[in-house]
Amino acid sequence: MSIKTLKTWLMPAISQRLLSRARLLQKRERVEQARVSRGVPHEVHYFHQVDDPYSALASTCLPQLMQRYDIKLTPHVVGPPPDNAAPERDKLIAYSRKDAALLARRFSLVFNDQHRQPSAECLDHASRLLVAAIAAGCFSEVATPIAIGLWSDDAPIPNAGLTGHDFSGAPLTPTSAELTQTHIDESNRLRQRLGHYLGATFYYGGEWYWGIDRLYHLEQRLQALGAQRPGTVGYLFPPGVDLKTSVPIPKPLPIDFFVSLRSPYSAIVAPRVFELGRLTGAQVRLRYVLPMVMRGLPVPPEKRSYISQDAAREAFARGIPFGRLNDPVGRPAERGMALIPLAESVGRAQDYLLSFMHGVWAEGIDAGSNRGLRKIAERAGLDWTRAQQALTDDTWRSTAEKNREAMFSLGLWGVPSFRVGDVAVWGQDRLWAVEEELLKGRTS
């Protein structure tokens, strides 16, 4: 038996164990027992990237988080993610501003996309102030006004509005450039050692929570531990609730669904976007693309690990089976995409995509084998003889490339992504934005 065959055979059982909810809860229980035995508080590490719009949003919730929970907040100022974790950095930077503005409107936060980054002078001064605030123990108090000052209309004016005070009321003295860089370097190493690569991230007891989108998972955990203060109810930023009933829309806009067969986030959002299309009457157009790694874009180990763990949490929260996986990278993904044109030609594209995604991400089916792909295809209503013929046709590659070009033209580069009319968003946690845009058609 080859190493590749052995890996394919073992992967489903191993991943099912590693990503199981029972294992996660057991791990949390061990962490809590160790914390209690040491007599230490609930310590939440927060990693703040000064030039990151998501960090600007996250910093605004720190005082509320500390008011709601009996926690010790330990902040760190970090630099941008390394190149191998941000393969399309310019697109990431531009989209982050746009997406942060979208989130700010949704949750009544302060962030305006000025279509530019703050000046280098402002970023340097803000970093030095925030490191000084950490030393003075007042980071959560000064992080918000500093973030607002950085991203305001007058941000190009060096240091405009970027001030802070310690608990005695004395103005903060920015740390030196050398000490600030030392702090950032140490924080970067800590972030990597603990297993992450982004700013706006929270780390508690062995788990990571990115941005305000995942803060509800941390709140759920703290509430389960009884760490909430009296009067705390709900979550600061609750996740979007999917549409449950049919909504008559006279002429619903189509939904372009940019998807990769190797994307766990694509797998867990596919049933939801198809249901949204059914309830609104909107056509969901599949825009399949090659997986990032198969397009030459690197994915570092800490990124792979976080994505799989995070996708498992999100899938559990949505009631979507996930975790017994058989990574379809390479040949399995190519074979899977080769059958999409056939499925589209017989009106079974959605059934086929759901069958494939459920098969490789929840059942551990090897789509690289004829036995596995046949099961996926036939239960979606495809004829296996025709499917075998479709596997010899490579025209799907040109379609995948056209879809990639269309996705990039929207300022997007990752999947799952969506376009509805003039709205283009990235991420399974942005389906609420797709729904909002569709529902505007009720009154148009």
Name each donor-acceptor pair under 3.5 Å that joins a side chain in residues 250-258 to protein atoms two or more places apart or in another chain, with its distance.
{"unit_1": "D256", "atom_1": "OD1", "unit_2": "R285", "atom_2": "NE", "d": "2.8"}
{"unit_1": "D256", "atom_1": "OD1", "unit_2": "R285", "atom_2": "NH2", "d": "3.2"}
{"unit_1": "D256", "atom_1": "OD2", "unit_2": "R285", "atom_2": "NH2", "d": "3.2"}
{"unit_1": "D256", "atom_1": "OD2", "unit_2": "R419", "atom_2": "NE", "d": "3.0"}
{"unit_1": "D256", "atom_1": "OD2", "unit_2": "R419", "atom_2": "NH2", "d": "2.6"}

Item to check | CA sep, side-chain torsions, deciding dist, call: W208, Y306, ring pair (Phe, Tyr, Trp, His ring centres under 6.0 Å) | outcome: CA-CA 7 Å; W208 284 95; Y306 174 72; 7.6 Å; no
Checklist entry - Under a 4.5 Å cut-off applied to non-hydrogen side-chain atoms, are V247 and L279 in contact? => result no
Checklist entry - Between H48 and L130, is any pair of side-chain heavy atoms under 4.5 Å apart? => result yes
Next on the checklist: Quick check on F316: does its CZ atom have over 12 non-hydrogen neighbours (other residues, nucleotides or ligands) under 6.0 Å away?
Outcome noted: no
Checklist entry - Between the main-chain N or O of V78 and the side-chain N or O of S187, is there a donor-acceptor pair closer than 3.5 Å? => result no
Item to check | Donor-acceptor contact present, side-chain N326 to main-chain G364, <3.5 Å | outcome: yes
Checklist entry - With a cut-off of under 6.0 Å to the ring centre and 45° to the axis, is R404 in cation-pi contact with F408? => result yes
Item to check | W361 six-ring face occupied by R324 cation (under 6.0 Å, within 45°) | outcome: no
Checklist entry - When rounded to the nearest 0.5 angstrom, what distance separates CD1 in I148 from OG in S59? => result 8.0 Å
Work out which heavy atom in [X] is nearest to a heavy atom in [Y]; give both atom names and the distance.
X: E219; Y: L65; result: CG-CD1, 4.5 Å
X: P300; Y: N84; result: CD-O, 3.0 Å
X: Y69; Y: Q228; result: CD2-CA, 3.5 Å
X: F111; Y: R97; result: CE2-O, 3.4 Å
X: I184; Y: G79; result: CG2-N, 3.6 Å
X: A315; Y: I268; result: CB-CG2, 3.8 Å

Checklist entry - Between W210 and Y54, does the ring centroid distance fall short of 6.0 Å? => result yes
Next on the checklist: Once you measure the plane-to-plane angle for Y204 and H42, does it fall in the parallel (<30°), tilted (30-60°) or perpendicular (>60°) bin?
Outcome noted: tilted
